[in-house]
Amino acid sequence: GTFLTSPVRYDALMEGGADVRAAGLLRVSESFRVIALGLPVPAFPGFALDPPLRSRFQARYVGTPAAVQQLSRLMVTFPGIQK
């Protein structure tokens with residue numbers, strides 16, 4: 001398989017003479033981000049991530065904006081909308 005590797009780590013391995021291609025490493029952009037949707041477990045059926053992998057993620061709850069907020073954003077984006 002191929003492993004996506006941070007640019008800093010990949011460059012350090014290259015400078016150290018490591019054979020990154022043989023190791024299956026692929027350098028990603030400095031702007032690379034992983035965005036995933038997930039459900040909390042065990043409240044829902046599914047399998048939990050193992051702790052070492054889970055510790056690499058951050059979680060943020062993004063709720064649904066209120067109707068008033070949605071309307072105001074639409075009015076700013078599309079000034080021709082009537083209230």
Side-chain angles (χ1 to χ4, degrees):
T2 302
F3 295 95
L4 302 178
T5 310
S6 77
V8 173
R9 185 171 178 94
Y10 187 93
D11 294 344
L13 289 168
M14 287 286 292
E15 288 175 10
D19 188 2
V20 291
R21 291 203 187 270
L25 302 179
L26 181 65
R27 186 183 190 276
V28 298
S29 166
E30 289 84 2
S31 302
F32 181 81
R33 299 289 182 266
V34 174
I35 299 175
L37 301 177
L39 299 174
V41 176
F44 299 94
F47 299 99
L49 295 174
D50 65 322
L53 178 61
R54 188 176 59 226
S55 69
R56 296 173 185 255
F57 292 92
Q58 296 179 5
R60 180 174 179 170
Y61 174 75
V62 179
T64 305
V68 173
Q69 289 176 323
Q70 291 181 19
L71 179 61
S72 66
R73 288 181 187 160
L74 284 171
M75 291 176 72
V76 168
T77 305
F78 305 100
I81 290 180
Q82 297 297 318
K83 206 172 191 184

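Count residues from 1 along the sequence. Bear in mind the structure is a predicted one, so any value in this text is a computation, not a measurement.
Thr5 OG1 to Leu25 CG: the interatomic distance, rounded to the nearest 0.5 Å, is 4.0 Å.
No continuous path of ILVMFWY side-chain contacts below 4.5 Å connects Val8 to Val20, so the two sit in separate hydrophobic clusters.
Between Pro7 and Val28, the shortest heavy-atom distance links the atoms CG-O, 3.3 Å.
The backbone N or O of Leu74 sits nowhere less than 3.5 Å from a side-chain atom of Thr77 that would complete a donor-acceptor pair.
For the side-chain hydrogen bond (donor to acceptor under 3.5 Å, both in side chains) condition, the pairs that include at least one residue of residues 21-32, sequence neighbours left out, are Asp11-Arg27, Arg27-Glu30.
Residues satisfying the side-chain contact (heavy atoms from CB on, under 4.5 Å) test with Arg73, not counting sequence neighbours, are Pro65.
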